[in-house]
Amino acid sequence: EKGGYEHFMLKEIHEQPKAVRDTVMPRIAKDNLSVILNELKWNKEYLDSFHKIFIVACGTAYHAGLVGKYYIEKLARIPVEVDIASEFRYRSPIIDEHTLVIVISQSGETIDTLAALKETKRLGAKTLAITNVVGSSIARDADEVIYTWAGPEIAVASTKAYTTQLVTVFLLAMYMAGIKKCISPERTKQLLTQLRKLPDQIDRTLEDPEPIKTFAKKYGFNEDVFFIGRSLDYDVALEGALKLKEISYIHAEAYAAGELKHGTLALIIEGVPVIALATQKSVYEKTISNIKEIKARDAIVIGITSESNDTLVKCVDHVIKVPNTDELLIPLLTVVPLQLLAYYAAITRGCDVDKPRNLAKSVTVE
Ligand code: M6R
């Protein structure tokens, strides 16, 4: 049942091209000029009735929500707030019928997410679930559902659920932007053409895990690992750090690169591995200056960027490159080496990859 892989996690990492393909392909119009979300029957009036969107989720799904905020705000120009479900429930958020609440959950059974959904419905918000499990509690309770078609995810560490959640929030943002007519046909075509290429590009990022295995062996016994990035790269850094701590038990922290100076830089000393994501043009130079500050303290920097980038190599110790795509979609590619790094670090340390200590696949009790 592990399809020849040693662990479910590795199998699921390798299933990502198919999972992403199944989730996006039926939802892109043939001419690449629009997104088809037959599950939603929205029009401009309905969308305009929302003054605000909340995205509520836990763990990896919360990290997908952060990317969702970026996509919806950038493409559809609607304000979005992202909340951890267990916090959201207890902080009396301001919600009414002009609020759309999007919950994201692989299992559709996470208790905090489910409770947040019920509470927001009670307060009169419209609710939309993004989930992977047909007929799950969250799918049944939400007003509307968009399914991710990742197939069953068995490993505790979420991988293909995350990437399918990312493409789903992307499709949703494009759908909203289309309704609001705040994206040009040219830009739509450009993005959807890139989106179609993603499954094959994810495949390519999986082709040669050797450099990542080497890093895992080399740094697998370090006590701390830091992940840094800005903008979308920061969101992916958060997911990379969660993956690493969850299955390899290495202390990992993700920081918005610009925040380092406000405290964490004190922990950056000789030999500490720092994974630096640098893919976003608008903040690229800023990230580079943060990397220089880190290198000045003799930390080891592993940079992650796109194939066409030839400048990062000059200021880091190692570079991992992913195929070129639009910078909005690159999180789908940069997360893959981070998943593999967590996997091989866990193997190096002899951890139980699919069933990490103290954790359950689905958190149905508070
Ligand atoms: O089933 P859900 O997506 O609601 O689960 C949310 C989190 O429990 C889950 O993503 C968790 O953080 C993963 N183990 C992370 O790999």
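These numbers come from the heavy atoms of this one structure, side chains and all, not from hydrogens, waters or symmetry mates.
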**OP:** Could you check whether the rings of F215 and H318 sit parallel, tilted or perpendicular, using 30° and 60° as the cut-offs?
**Re:** tilted

Subject >> K295, NZ: over 12 other non-hydrogen atoms inside 6.0 angstrom >> reply: yes

Original post:
Should the pair R89-D112 be classified as a salt bridge under the 4.0 Å nitrogen-to-oxygen rule?
Top reply: yes

**OP:** Please round to the nearest 0.5 Å and tell me the distance separating atom NZ of K213 and atom CG of L341.
**Re:** 13.0 Å

Original post:
Is L238 close to V236 at the side-chain level, that is, under 4.5 Å between some pair of heavy atoms?
Top reply: no

**OP:** Grab the two heavy atoms, one from I95 and one from A125, that are nearest each other, plus how far apart they are.
**Re:** CG2-CB, 3.5 Å

**OP:** Without swapping roles, check the side chain of D143 against the backbone of T127 for a donor-acceptor pair under 3.5 Å.
**Re:** yes

Original post:
Would Y162 and H63 count as a close aromatic pair, with their ring centres under 6.0 Å?
Top reply: no

**OP:** Please indicate whether R77 has more than 12 foreign heavy atoms, meaning atoms of other residues, nucleotides or ligands, lying under 6.0 Å from its CZ.
**Re:** no

Original post:
So, do F221 and I250 sit near enough that their side-chain heavy atoms are less than 4.5 Å apart?
Top reply: no

Subject >> Salt bridge present between R204 and D200 (N-O < 4.0 angstrom) >> reply: no

Original post:
Got more than 12 heavy atoms from elsewhere within 6.0 Å of NZ, K41?
Top reply: yes

**OP:** In sequence, state the C-alpha distance, the side-chain angles, and the governing distance for Q339 and V336, and then conclude on side-chain contact (heavy atoms from CB on, under 4.5 Å).
**Re:** CA-CA 5 Å; Q339 296 168 340; V336 176; 4.2 Å; yes

Original post:
Parallel under 30°, tilted from 30 to 60°, perpendicular over 60°: which one fits the rings of Y46 and F50?
Top reply: perpendicular

Original post:
Quick one: ring pair (Phe, Tyr, Trp, His ring centres under 6.0 Å) partners of H251, sequence neighbours excluded?
Top reply: none

Subject >> Lys/Arg N to Asp/Glu carboxylate O, E239 vs K243, below 4.0 Å >> reply: yes

Subject >> D326 and Q194: side chain donor to acceptor below 3.5 Å >> reply: no

Subject >> OG1 on T287 to CG on L312, rounded to 0.5 Å >> reply: 9.5 Å

Original post:
Above 12 or not: heavy atoms from other molecules or residues under 6.0 Å from NZ of K118?
Top reply: no

Original post:
When you check the gap from the basic side-chain N to the acidic O, do K180 and D48 get nearer than 4.0 Å?
Top reply: no

**OP:** Using modelled atom types only, decide if a donor and an acceptor are shared between the side chain of N132 and the backbone of A150 within a distance under 3.5 Å.
**Re:** yes

**OP:** Would you sort out whether T279 and L232 count as a side-chain contact (heavy atoms from CB on, under 4.5 Å), showing the intermediate values?
**Re:** CA-CA 9 Å; T279 68; L232 282 173; 5.9 Å; no

Original post:
Taking C-beta and beyond as the side chain, do V82 and V56 meet within less than 4.5 Å on heavy atoms?
Top reply: no

Subject >> Least distance between heavy atoms, A173 atom then A76 atom >> reply: O-CB, 4.0 Å

Original post:
Taking all atoms of both residues into account, what is the closest heavy-atom pair of P152 and K160, and its distance?
Top reply: O-NZ, 2.9 Å

Original post:
Between P79 and H51, what is the shortest heavy-atom contact and its length?
Top reply: CG-O, 3.6 Å

Original post:
How long is the span from the OG1 atom in T334 to the CD1 atom in I275, to the nearest 0.5 Å?
Top reply: 12.0 Å

**OP:** Just do the side-chain contact (heavy atoms from CB on, under 4.5 Å) check on L195 and N32 with the steps written out, would you?
**Re:** CA-CA 10 Å; L195 185 60; N32 290 343; over 6 Å; no

**OP:** Measure from the side-chain N and O atoms of T148 to the backbone N and O of T131, and report whether any donor-acceptor pair falls under 3.5 Å.
**Re:** yes

**OP:** Look only at the side chain of Q165 and the backbone of A64, and say whether a donor-acceptor pair between them is shorter than 3.5 Å.
**Re:** no

**OP:** Please check if the side chain of N222 supplies one atom and the backbone of D224 the other of a donor-acceptor pair under 3.5 Å.
**Re:** no

Original post:
What residues, two or more places apart in sequence or in another chain, satisfy ring pair (Phe, Tyr, Trp, His ring centres under 6.0 Å) together with F226?
Top reply: none

**OP:** Give me the one residue out of I268, D317, I228 that meets side chain to side chain contact (heavy atoms under 4.5 Å, CB included) with V301.
**Re:** D317

Original post:
Is the closest side-chain donor-acceptor distance between N309 and Y284 under 3.5 Å?
Top reply: yes

Original post:
Do you know which two heavy atoms are closest between V134 and W149, and how far apart they sit?
Top reply: CG2-CZ3, 3.8 Å

**OP:** For K18, look at atom NZ and say whether over 12 heavy atoms of other residues, nucleotides or ligands are found less than 6.0 Å away.
**Re:** no

Original post:
Hey, does the side chain of Y344 reach the backbone of T214 with a donor-acceptor pair shorter than 3.5 angstrom?
Top reply: no

**OP:** Answer yes when E259 and R230 have at least one side-chain N-carboxylate O distance shorter than 4.0 Å, and no when they do not.
**Re:** no

Subject >> Salt-bridge present (E144, K126; N to O < 4.0 Å) >> reply: no

Original post:
Is the NZ or CZ atom of R349 positioned over Y249's six-membered ring, under 6.0 angstrom from the centre and within 45° of the axis?
Top reply: no

Original post:
For the residue pair F54 and F88, is the inter-centroid distance of their aromatic rings smaller than 6.0 Å?
Top reply: yes

Original post:
Would you call D83-R91 a salt bridge at under 4.0 Å N-O?
Top reply: yes

Subject >> Side-chain donor or acceptor of Y5 paired with backbone N/O of I13 under 3.5 Å >> reply: no

Original post:
Quick one: ring pair (Phe, Tyr, Trp, His ring centres under 6.0 Å) partners of Y234, sequence neighbours excluded?
Top reply: none

Original post:
Quick one: does L128's side chain get under 4.5 Å of L40's, heavy atoms only?
Top reply: yes

Original post:
If you draw a 6.0 Å radius around NZ in K286, do more than 12 non-hydrogen atoms from other residues or ligands fall strictly inside?
Top reply: no

Subject >> Residue pair L117 / V101, side-chain heavy-atom distance below 4.5 Å >> reply: no

Subject >> Lys/Arg N to Asp/Glu carboxylate O, K11 vs E15, below 4.0 Å >> reply: yes

Original post:
Can T99 and D96 be counted as having a side-chain donor-acceptor contact under 3.5 angstrom?
Top reply: yes

Original post:
Sub-3.5 Å donor-acceptor pair from the side chain of D354 to the main-chain atoms of M9, do we have one?
Top reply: yes

**OP:** Decide, yes or no, whether a salt bridge links D31 with K189 under the criterion of side-chain N to carboxylate O below 4.0 Å.
**Re:** no

Original post:
For L340, which of I212, I320, V335 qualifies under side chain to side chain contact (heavy atoms under 4.5 Å, CB included)?
Top reply: I212

Original post:
Would one find more than 12 heavy atoms of other residues, nucleotides or ligands at under 6.0 Å from atom CD of E97?
Top reply: yes

Original post:
For A252, does its backbone N or O pair with a side-chain atom of K245 as donor and acceptor, under 3.5 Å?
Top reply: yes

Original post:
Picking from I84, T113, L242, what satisfies side chain to side chain contact (heavy atoms under 4.5 Å, CB included) with Y62?
Top reply: I84

Subject >> Trace of the side-chain contact (heavy atoms from CB on, under 4.5 Å) decision for L191 with M174 >> reply: CA-CA 9 Å; L191 283 167; M174 291 290 288; 3.8 Å; yes

Original post:
Can a salt bridge be assigned to the pair K52 and E73 using a cut-off of 4.0 Å between side-chain N and carboxylate O?
Top reply: no

**OP:** Using atom types as modelled and distance alone, determine if a side-chain donor or acceptor of E109 lies under 3.5 Å from a backbone N or O of S137.
**Re:** yes

Original post:
Between T163 and Q16, is any side-chain donor less than 3.5 angstrom from a side-chain acceptor?
Top reply: yes

